[in-house]
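In the text below, chain A, chain B and the rest are named by the order of the sequence lines, each starting its count at 1.
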Protein chains: 2
Amino acid sequence: MKIGDLARATGVSPRLLRYYEEQGLLTAHRAGSGGHRRYAEDAPAVVGHIRSLLAAGLTTRVIRELLPCVVGPGPEFEHCAAGTLREQLRGLEDKITTLQDARSALSGILATTVPSEGHEG
Amino acid sequence: MKIGDLARATGVSPRLLRYYEEQGLLTAHRAGSGGHRRYAEDAPAVVGHIRSLLAAGLTTRVIRELLPCVVGPGPEFEHCAAGTLREQLRGLEDKITTLQDARSALSGILATTVPSEGHEG
DNA sequence: CTTGCATCTCACATCGATGTCAGATCCTAC
DNA sequence: GTAGGATCTGACATCGATGTGAGATGCAAG
């Protein structure tokens, strides 16, 4: 598929697809396409993974390291950036904790300031 | 207290304290100090609140709206930006969900790629 | 072969919190 | 009154994902 197709399939702009390639997250071959990118069949799935990890706050640099594990579907990636994986996992849990704290703070305020409307979530 | 004192007390750089003031989050009076800022006693607490909300991913603009509720300790802030509060709360929960998803994804990978070392967290 | 849309590369802009530098002014201690 | 540290303002830099525009070229359909 070409870049426009992939963009339509994933909802990610061509600009970003090129950016992901530039960051080493996405591969395209350009044989006999006059310089135009051609993507493999699993490209949409890969882009999906990238988007998820980005949404989780991971950096493209980190994703570049982790992606082989995420994409590689098999048990053959035994020592696949396990250190980075653990590190990011820890960071993720820190972030979750921080957000949960903020959430209880805000919902506490909400309960205090608008007691009649707060149906304690 | 002066800006350097507040900076030391909170671990936040003078640059940022000025920035928070510029964003309307922090107040200082400058009477008879030759243009130098003077902060009230509760300033460190206020800065603490600001830092927490920033860490939660809230924007200074949003914090400016919410801060009166957060800082105002009493039940007198009845309708204090309740809409914004609810909105941010929802955004926060979305973000938490996203991060939790990413966490399980990563920890799943970790368990798969390094089964011997993963003590399922 | 022409027309029109897709794609290419390159570069600059944006947003938000934060750093840093420069030049001027102030306060405090001696 | 002078030296030195703190503070002032203002502007420019940074990081990372993303947008946008320009100018050139490619491809597919007529």
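- The heavy-atom pair separating B:L25 from B:T60 by the smallest distance is CD2-O, 3.4 Å.
- The CD atom of A:E22 sits 11 Å away from the C1' atom of C:dC10 (whole-angstrom rounding).
- If A:K2 and B:L54 are placed on DNA chain C by their nearest nucleotide, the residue sitting closer to the 5' end is A:K2.
- Residue B:Y20 has a polar side-chain atom (N or O) positioned under 4.0 Å from OP1 or OP2 of C:dT18.
- A:R18 comes within 4.0 angstrom of a nucleotide base, judged by non-hydrogen atoms across all strands.
- Dashed line: the shortest gap from a side-chain N or O of B:S13 to OP1 or OP2 of C:dG19 is under 4.0 Å.
- Taking 4.0 angstrom as the limit, A:R51 places a side-chain polar atom (N or O) nearer than this to OP1 or OP2 of D:dT18.
- Phosphate contact (OP1/OP2 of D:dT7, side-chain N/O of B:S33, threshold under 4.0 Å): absent.
- Positionally, the nearest nucleotide of DNA chain C for B:R61 lies more toward the 5' end than for the other of B:H36 and B:R61.
- Within the 3.5 Å criterion, the main-chain N or O of B:A31 finds a donor-acceptor partner in the side chain of B:S33.
- Among the protein residues, A:R30 comes within range of the sugar-phosphate backbone only, with heavy atoms under 4.0 Å from sugar or phosphate atoms but none that close to a base.
- With rounding to whole Å, B:R15 atom CZ is found 14 Å from D:dA13 atom P.
- Taking 4.0 angstrom as the limit, B:R37 places a side-chain polar atom (N or O) nearer than this to OP1 or OP2 of D:dC8.
- For the OP1/OP2 pair of C:dA17 and a distance below 4.0 Å, the side-chain nitrogens and oxygens of B:T60 include at least one atom meeting the criterion.
- When rounded to the nearest whole Å, the span between CD of B:E21 and P of D:dT7 equals 14 Å.
- Rounded to whole angstrom, the span from the CD1 atom of A:I50 across to the P atom of D:dT18 amounts to 10 Å.
- Atom pair B:L25:CG and C:dG16:C1' shows a separation of 13 Å (rounding to whole Å applied).
- Between B:L67 and B:Y20, every side-chain heavy-atom pair lies at or beyond the 4.5 Å cut-off.
- Mapped onto DNA chain D by nearest heavy atom, B:G34 and A:L16 fall at different nucleotides, with B:G34 at the one closer to the 5' end.
- At least one side-chain nitrogen or oxygen of B:Y19 sits closer than 4.0 Å to the OP1 or OP2 atom of C:dA17.
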Exercise. Going through the distances and angles, do A:D5 and A:R8 end up as a salt bridge (charged side-chain N to carboxylate O under 4.0 Å, His left out)?
Worked result: CA-CA 5 Å; A:D5 303 325; A:R8 268 179 294 274; 3.3 Å; yes

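- A heavy-atom distance below 4.5 Å is not found between the side chains of A:L110 and B:Q88.
- Residue A:R8 has no polar side-chain atom (N or O) positioned under 4.0 Å from OP1 or OP2 of C:dA6.
- C:dC26 atom P lies 17 Å from atom CD1 of B:I3, rounded to whole Å.
- With rounding to whole Å, B:Q23 atom CD is found 7 Å from C:dA17 atom P.
- Checking B:H29, B:E21, B:K2 one by one against B:Y39, the side-chain contact (heavy atoms from CB on, under 4.5 Å) holds for a single residue, B:E21.
- Between B:L53 atom CG and C:dA17 atom C1' the separation is 15 Å, expressed in whole Å.
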